[in-house]
Amino acid sequence: MKRTLQSGLLVLCGLGLLRISLVTDLCLRYVKESMRPLLIASGCVLVLLGVVSAVLDRRRHKQEYGGHGHDHSHVPRVAWLLLLPALSLLCYAPPALGAYTASRQPPKPIAQQSEFAPLAAISPLPMTLSDFTSRVQQDRARAIKGRTVLMTGIVTPHGKGSWDLTRIIINCCAADAQSVKVRVYGGPVLPANTWVTVTGVWHPAGTLGTASAAVALDARTVKKVPRPINGYQDALPLPTARTP
């Protein structure tokens, strides 16, 4: 493979990174929002390296061959495999993590907690899925009993009459993804991967405040919402992101 083609691959990879991180929001399918500046910087560096390499190789070729002859330099054929991810970033982006991934994962373990702050006196009460799980299974005061809560996540189909409200959590990228789930009973069952906000009360099953309590909700309302910016965190929803 000629050196000019090597430079071209660097430029293609850089343009692919810039496309998914600067031109569009596709990078949010695989990494957290905070990683975007690093992807943009990496794309710029790859494009710059490719351009500089091409210019330097052209000058070297003129000096060695006087503008005539051929450059017989080459690298192993396996280097052509770099073309695949470059074209993928430019032409096709794999789908975001969602219900398919969550349905095949056990729920993320929730940290043990012995003390809980009083719940705010508002209704519905916004909560994260992790907070709801902790309150249901660890709060001996049973402060969650009878409270109407509000949570946001994606729809993960489970079975007839119920589904899981899910948040997928990543620490760095899609490779370390884990999920937090709350079983939902009642309300309309929207298609898998739909972002929804659910209001409801704890579904009475097991003993509240112990590990036997069901991490479940009897839904009162289920409302379709856009994907929030912090979609890969178990957090209260922030302003919505542009659709990748």
Side-chain angles (χ1 to χ4, degrees), residues 28-36 38 96-159 162-185 193 195-219 222 225 227-239 241:
L28 298 181
R29 296 182 179 183
Y30 325 112
V31 300
K32 297 188 295 185
E33 175 73 18
S34 60
M35 298 289 288
R36 178 183 287 193
L38 296 177
L97 296 179
Y100 179 85
T101 299
S103 64
R104 286 156 177 78
Q105 289 181 330
K108 179 180 182 292
I110 303 299
Q112 292 295 317
Q113 189 172 346
S114 57
E115 296 183 2
F116 292 86
L119 293 174
I122 58 174
S123 185
L125 174 67
M127 296 189 76
T128 67
L129 276 64
S130 295
D131 288 343
F132 179 78
T133 302
S134 296
R135 289 281 184 175
V136 166
Q137 295 193 330
Q138 300 178 32
D139 185 5
R140 299 289 181 174
R142 304 180 181 180
I144 200 70
K145 185 176 182 180
R147 294 296 303 270
T148 300
V149 300
L150 179 150
M151 294 182 287
T152 298
I154 63 171
V155 175
T156 302
H158 179 265
S162 68
W163 49 280
D164 288 336
L165 182 69
T166 305
R167 291 297 289 256
I168 295 178
I169 306 169
I170 62 174
N171 294 318
C172 177
C173 62
D176 60 22
Q178 294 179 295
S179 59
V180 182
K181 308 173 187 178
V182 172
R183 186 65 46 82
V184 178
Y185 296 93
N193 296 314
W195 278 91
V196 295
T197 290
V198 180
T199 61
V201 296
W202 174 65
H203 177 77
T207 303
L208 190 61
T210 71
S212 68
V215 183
L217 200 69
D218 286 328
V222 178
V225 295
R227 181 191 189 277
I229 290 176
N230 60 343
Y232 279 148
Q233 302 172 40
D234 183 26
L236 298 177
L238 294 175

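Here the closest non-hydrogen pair linking Val222 and Ala219 is CG2-CB, 4.0 Å. In this structure, Ser103 and Tyr100 approach most closely via the heavy-atom pair OG-O, 3.0 Å. For Pro204 against Asp218, the heavy-atom pair with the smallest separation is CD-OD2, 3.6 Å.
Under a 3.5 Å cut-off, the side chain of Arg167 and the backbone N or O of Ile154 do not form any donor-acceptor pair. Using a distance-only test at 3.5 Å, with no hydrogens or angles considered, a donor-acceptor pair links the side chain of Lys181 to the main chain of Ala102. The closest donor-acceptor contact from the side chain of Asp164 to the backbone of Thr166 lies at 3.5 Å or more, if one exists at all. The backbone N or O of Ser123 lies less than 3.5 Å from no partner atom in the side chain of Arg147, so there is not a single donor-acceptor pair. Of the possible polar contacts, one joining the Asp234 side chain to the Leu129 backbone as a donor-acceptor pair under 3.5 Å is found. Here the side chain of Gln113 pairs a donor or acceptor atom with the backbone of Glu115 at under 3.5 angstrom.
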If you look only at distance, which donor and acceptor atoms sit under 3.5 Å apart when one is on a side chain in residues 209-217 and the other is two or more places apart or in another chain?
unit_1: Thr210; atom_1: OG1; unit_2: Thr207; atom_2: O; d: 2.7
unit_1: Thr210; atom_1: OG1; unit_2: Ser212; atom_2: N; d: 3.3
unit_1: Thr210; atom_1: OG1; unit_2: Ser212; atom_2: OG; d: 2.8
unit_1: Ser212; atom_1: OG; unit_2: Thr207; atom_2: N; d: 3.0

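Considering only residues two or more places apart in sequence or on other chains, Thr133 meets the side-chain hydrogen bond (donor to acceptor under 3.5 Å, both in side chains) condition with none of them. Listed by chain and number, the residues in a side-chain contact (heavy atoms from CB on, under 4.5 Å) with Ile144 are Leu119, Met127, Phe132, Arg135, Val136, Val149, Leu208 (sequence neighbours excluded).
Side-chain contact, Thr148 with Thr199: no donor N or O sits under 3.5 Å from an acceptor N or O. With no hydrogens or angles considered, a side-chain donor-acceptor pair links His158 and Arg183 at under 3.5 Å.
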Take Val180 and Ile169 through the side-chain contact (heavy atoms from CB on, under 4.5 Å) test and state the conclusion after the steps.
CA-CA 8 Å; Val180 182; Ile169 306 169; 3.4 Å; yes
Kindly indicate, with the supporting measurements, whether the criterion side chain to side chain donor-acceptor pair (under 3.5 Å) is fulfilled by Asp131 and Ser134.
CA-CA 5 Å; Asp131 288 343; Ser134 296; 5.5 Å; no
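Taking CD1 of Ile168 as the reference point, atom OG of Ser179 lies at 6.5 Å (rounded to 0.5 Å). With values rounded to the nearest 0.5 angstrom, Gln233 atom CD is found 7.5 Å from Ser34 atom OG. Interatomic distance, Met151 CE to Leu125 CG, rounded to the nearest 0.5 Å: 10.0 Å.
Exactly one residue among Val184, Thr152, Leu165 makes a side-chain contact (heavy atoms from CB on, under 4.5 Å) with Val196. That residue is Leu165.
Using a 4.5 Å heavy-atom cutoff, the side chains of Tyr185 and Ser162 are in contact.
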